[in-house]
Protein chains: 2
Amino acid sequence: MEHINYKEDTEALARFAKALGHPTRIAILMYLENQSCCFTGDLVEVFPLAQSTISQHLKELKLAGLIQGELKPPKIKYCINHENWETAKALFSSFFEIHVADNACTS
Amino acid sequence: MEHINYKEDTEALARFAKALGHPTRIAILMYLENQSCCFTGDLVEVFPLAQSTISQHLKELKLAGLIQGELKPPKIKYCINHENWETAKALFSSFFEIHVADNACTS
DNA sequence: ATTTTATATCGCAAATGTACGATAAGAAAC
DNA sequence: GTTTCTTATCGTACATTTGCGATATAAAAT
């Protein structure tokens with residue numbers, strides 16, 4: 001597997017996007033937006049997926065930096081990582097801001 | 001493979017995110033933002049990837065609706081699909097707007 | 001110390017993604 | 001009609017992702 005070196009922002013944006021690239025993970029984050037936090041078990045009740053599958057999705061979201069886990073033994077409380085959330089938001093926001101000249105498509 | 005039925009917006013957002021989930025595709029779209037349009041061959045010169053690989057990435061971006069191809073025989077001119085772009089932008093934008101009460105994380 | 005509770009990790013199978021070279025397809029130019 | 005140019009598609013190899021059940025871990029409660 002060759003690895004091209006893109007600009008750090010490009011890589012970062014792609015990493016965030018990849019983490020968001022599954023409906024279950026989007027739904028988990030939306031749930032977290034409403035609840036502000038939750039335990040793994042809450043999600044297992046909400047989604048028709050095995051506990052191990054939920055845990056795996058949480059792991060990916062944590063790895064991407066979009067959520068963080070806090071130990072509340074014997075549970076783990078997950079919240080959105082607001083700092084990285086803002087970073088992702090800013091990256092997507094600036095990415096989608098296009099300013100194309102209207103007459104540019106003439107070739 | 002079980003298929004959970006999420007809300008259409010959730011699915012749509014995940015589809016867009018998935019399409020953006022590779023640095024090469026992000027870079028292609030950034031290139032298109034600057035150039036406003038381009039041919040496949042342009043990209044093959046810019047990226048150290050085989051022509052078939054570039055073509056595959058373009059196919060995915062087209063399938064996701066983020067770009068569109070216009071026949072300019074013998075070439076194909078690719079531009080950003082502005083209508084869907086705005087849709088994606090709106091989806092990401094509203095997704096990232098969180099309004100969490102400060103005192104919510106108390107459980 | 002054993003049991004209970006909550007979550008993570010392992011091992012597996014199936015599906016999907018990424019990259020390549022080779023080949024096909026389409027239109028233009030000769 | 002053959003050649004040329006540009007792009008798409010095919011076939012293949014390897015890596016990653018997604019899902020599950022089973023098992024491990026870690027702390028609390030008994």
Side-chain angles (χ1 to χ4, degrees), chain A residues 1-6 10-11 14-29 31-32 35 37-64 66-79 107, chain B residues 1-6 10-11 14-29 31-32 35 37-64 66-79 107:
Chain A
M1 180 175 81
E2 271 308 315
H3 204 210
I4 304 173
N5 263 30
Y6 294 100
T10 301
E11 301 263 14
R15 269 196 303 275
F16 281 128
K18 194 175 183 183
L20 297 176
H22 194 286
T24 296
R25 290 195 290 273
I26 295 284
I28 287 174
L29 290 170
Y31 186 86
L32 278 177
Q35 302 294 120
C37 10
C38 74
F39 304 105
T40 309
D42 302 345
L43 299 172
V44 175
E45 282 168 28
V46 172
F47 296 95
L49 291 167
Q51 179 264 322
S52 58
T53 304
I54 298 288
S55 190
Q56 207 170 271
H57 281 305
L58 288 170
K59 187 182 177 182
E60 274 190 69
L61 289 172
K62 197 165 62 179
L63 206 71
L66 289 168
I67 65 174
Q68 62 198 109
E70 185 190 340
L71 271 143
K72 292 270 180 176
K75 303 186 178 185
I76 295 175
K77 189 179 73 177
Y78 283 106
C79 313
S107 55
Chain B
M1 180 174 81
E2 271 307 315
H3 204 209
I4 303 173
N5 262 30
Y6 294 99
T10 301
E11 301 263 15
R15 268 196 304 273
F16 281 128
K18 195 175 183 183
L20 298 176
H22 194 287
T24 296
R25 290 194 291 272
I26 295 285
I28 287 174
L29 290 170
Y31 186 86
L32 278 178
Q35 303 294 119
C37 11
C38 74
F39 304 105
T40 309
D42 302 343
L43 299 172
V44 175
E45 281 168 29
V46 171
F47 296 95
L49 291 167
Q51 180 264 322
S52 57
T53 303
I54 297 287
S55 189
Q56 207 169 271
H57 281 305
L58 288 171
K59 188 183 177 182
E60 275 189 69
L61 289 172
K62 195 164 65 180
L63 205 71
L66 289 167
I67 65 173
Q68 62 199 108
E70 186 190 339
L71 271 143
K72 291 269 179 177
K75 302 186 179 186
I76 295 175
K77 189 178 73 176
Y78 284 105
C79 313
S107 53

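Reminder, nothing fancy here: chain letters follow the sequence lines and each chain counts from 1.
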Q: Check whether the side chain of Q56(A) and the base of dA8(C) form a donor-acceptor pair under 3.5 Å.
A: no
(Q) Can you say whether a donor on the side chain of Q51(A) sits under 3.5 Å from an acceptor on the base of dA6(C), or the other way round? (A) no
Give the nucleotide from the list [options] with an atom nearest to the side chain of [X].
| X | options | value |
| --- | --- | --- |
| I76(B) | dA8(C), dT9(D), dT7(D) | dT7(D) |
| S52(B) | dC20(D), dG21(C), dA8(D) | dG21(C) |
| H22(A) | dT18(D), dT9(C), dA22(C) | dT18(D) |
| S55(A) | dT7(D), dA8(D), dT9(C) | dT9(C) |

[atom1] of [X] versus [atom2] of [N]: gap in Å, rounded?
| X | N | atom1 | atom2 | result |
| --- | --- | --- | --- | --- |
| K75(B) | dT4(D) | NZ | P | 18 Å |
| I54(A) | dT9(C) | CD1 | C1' | 16 Å |
| L43(B) | dT7(D) | CG | P | 9 Å |
| R15(B) | dG17(C) | CZ | C1' | 18 Å |
| K62(A) | dT7(C) | NZ | C1' | 10 Å |

Q: Hey, which sits more toward the 5' end of DNA chain C by its nearest nucleotide, K18(A) or D42(A)?
A: D42(A)
Quick one: does [X]'s side chain get under 4.5 Å of [Y]'s, heavy atoms only?
| X | Y | value |
| --- | --- | --- |
| P23(B) | I4(A) | no |
| D42(B) | Q35(B) | no |
| F39(B) | K77(B) | yes |
| L63(A) | K59(A) | no |

Give one of base, sugar-phosphate or nothing for [X], where a contact means two heavy atoms less than 4.0 Å apart.
| X | value |
| --- | --- |
| T53(A) | base |
| T40(B) | sugar-phosphate |
| E60(B) | sugar-phosphate |
| L49(B) | sugar-phosphate |

Q: Could you tell me whether the phosphate oxygens of dG17(C), OP1 or OP2, come under 4.0 Å of any side-chain nitrogen or oxygen in H57(B)?
A: no
Q: Could you tell me which non-hydrogen atom of T40(A) sits nearest to which non-hydrogen atom of I54(A), and how far apart they are?
A: CG2-CG2, 4.1 Å
